[in-house]
Amino acid sequence: MCGRFQLSVKGKHISERFNVEVFDEMYKPSFNCAPGQNLPVITNTEPGKLSFFKWGLVPFWAKDPKIGNKLINTRAETILENPSFKAAFTRRRCLVPANGFFEWKKGTKKIPFRVLLKNENLFAMAGLWETWKDQENNMLHTFSIITTQPNELMTPIHNRMPVILNREQETVWLKSTNSDELISLLTPFQSDEMEVYPISDLINSPFNNSQSVISNVKPDTLKPPF
DNA sequence: CCAGACGTTGTT
DNA sequence: GTCTGG
DNA sequence: CCAGACGTTGTT
DNA sequence: GTCTGG
């Protein structure tokens, strides 16, 4: 799955890479982006700017916004069958910019890993967004990250991974209205363009947010199967 | 027809 | 809102 | 995802 | 164990 990620670059880089307007008073780099936080996304309806939405999708018909705590991810395989996601898939898609994401490998001890592109570039995860209104009509904007099967690199660590789009796919994801074409984007990213390394437990607490949370704890064991 | 659910992950 | 179950 | 809380009553 | 908050 994807329950934590990293977006620790300067606003200028996001602006250049995704061709969006970034307001520096809104954007703060983070080594530890966690569910429940307001985080930057690029929406299909306003693709020229960064929007700040809360991670954890609240469907517009929900009675209780707490459901968002559970909907931080959306399974690609069932996205069209799910009442919670169908409408958003059709009309409200977004990109979630990141320069790393984190997964925990289960074992006798739970070990966190950082996953990134080999070239250390920014990338975009595929997401859905929603607008929910409370009784006073106050709006709440939320999003969810789409997950798919793991690629070869991820398989030793976890049974899911976020959908990462390449540059051409990013445009399609925001602009297409063809369901088949959109669905065809939701596949595992190329393993040979990615890398992974183990990090310390510092990542576990969402309150830790410094460079140290992404420090490699075992420099000699960069390659799977560890 | 109405009522009630609507999710992912991992683990057992 | 939309689907499933009764 | 992980961390941390998880309750009621009445009184201050 | 299960839910909420970050």
Side-chain angles (χ1 to χ4, degrees), chain A residues 1-8 28-41 52-92 96 98-116 125-135 137 139-150 154-164 179 186 188 196-210 212-214 217:
Chain A
M1 76 176 309
C2 182
R4 213 71 77 77
F5 66 92
Q6 171 193 6
L7 180 59
S8 57
K28 289 286 174 285
S30 172
F31 290 97
N32 203 344
C33 299
Q37 297 175 349
N38 275 313
L39 297 165
V41 298
F52 291 82
F53 290 1
K54 188 172 173 174
W55 188 4
L57 195 88
V58 179
F60 64 91
W61 42 259
K63 292 192 181 72
D64 186 349
K66 288 193 174 83
I67 193 174
N69 293 327
K70 299 176 179 176
L71 305 188
I72 64 172
N73 292 137
T74 301
R75 289 180 70 87
E77 295 89 334
T78 52
I79 200 167
L80 276 176
E81 298 154 23
N82 256 311
S84 301
F85 304 125
K86 199 174 177 180
F89 174 77
T90 307
R91 299 177 182 283
R92 291 179 291 279
V96 184
N99 60 324
F101 65 89
F102 306 108
E103 298 285 2
W104 282 257
K105 183 184 168 72
K106 289 270 183 182
T108 47
K109 188 179 180 299
K110 214 170 201 180
I111 304 170
F113 290 84
R114 178 184 178 215
V115 187
L116 68 159
M125 299 184 285
L128 303 178
W129 62 277
E130 278 282 6
T131 301
W132 180 85
K133 290 178 184 172
D134 68 14
Q135 290 186 324
N137 253 18
M139 290 200 289
L140 174 69
H141 297 295
T142 60
F143 73 96
S144 180
I145 294 173
I146 300 174
T147 63
T148 185
Q149 297 171 317
M154 292 301 301
T155 298
I157 297 173
H158 216 72
N159 63 343
R160 305 292 295 170
M161 70 180 286
V163 170
I164 297 172
S179 291
L186 306 181
V196 57
Y197 64 86
I199 56 177
S200 80
D201 288 340
L202 282 176
I203 190 69
N204 291 8
S205 171
F207 295 104
N208 292 331
N209 199 330
S210 69
S212 60
V213 305
I214 62 161
V217 294

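Here is how names work: the chains are called A, B, and so on, in the same order as the sequence lines, proteins then strands, and each is numbered from 1. Predicted, not measured: the structure shown is a model, and the values here were computed from it.
- The salt bridge (Lys or Arg N to Asp or Glu O under 4.0 Å) search around A:Arg114 returns none, not counting sequence neighbours.
- With sequence neighbours excluded, no residue forms a ring-ring contact (aromatic ring centres under 6.0 Å, His included) with A:Phe101.
- Taking the ring-ring contact (aromatic ring centres under 6.0 Å, His included) definition, one finds that A:His141 meets it with A:Phe53, sequence neighbours left out.
- Taking every heavy atom of residues 139-149 of chain A and every atom of DNA chain C, no pair lies under 4.0 Å.
- In DNA chain D, runs of at least 3 stacked Watson-Crick or G-U pairs (N1-N3 plus N6-O4 or O6-N4, or N1-O2 plus O6-N3, all under 3.5 Å) give these stems: D:1-6 with E:1-6.
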Listing time: all N or O pairs from protein to nucleotides 1-6 of chain C that are below 3.5 Å?
{"unit_1": "C:dC3", "atom_1": "OP1", "unit_2": "A:Lys86", "atom_2": "NZ", "d": "3.4"}

Between N or O atoms, less than 3.5 Å apart, protein on one side and nucleotides 2-7 of chain D on the other: list the pairs.
{"unit_1": "D:dC2", "atom_1": "OP1", "unit_2": "A:Lys110", "atom_2": "NZ", "d": "2.6"}
{"unit_1": "D:dC2", "atom_1": "OP2", "unit_2": "A:Lys110", "atom_2": "NZ", "d": "2.9"}
{"unit_1": "D:dC2", "atom_1": "O4'", "unit_2": "A:Arg4", "atom_2": "NH2", "d": "2.9"}
{"unit_1": "D:dC2", "atom_1": "O3'", "unit_2": "A:Asn204", "atom_2": "O", "d": "3.4"}

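- Contacts of A:Ser200 classified as side-chain hydrogen bond (donor to acceptor under 3.5 Å, both in side chains), with partners at least two apart in sequence or in another chain: none.
- Qualifying side-chain contact (heavy atoms from CB on, under 4.5 Å) partners for A:Lys110, counting only residues two or more places apart in sequence or in other chains: A:Trp104, A:Lys106.
- Evaluation of the side-chain hydrogen bond (donor to acceptor under 3.5 Å, both in side chains) rule for A:Asn73 yields no partner, not counting sequence neighbours.
- For A:Lys109, the salt bridge (Lys or Arg N to Asp or Glu O under 4.0 Å) partners at least two apart in sequence or on another chain are A:Asp201.
- Partners of A:Gln37 under the side-chain hydrogen bond (donor to acceptor under 3.5 Å, both in side chains) rule, at least two apart in sequence or in another chain, do not exist in this structure.
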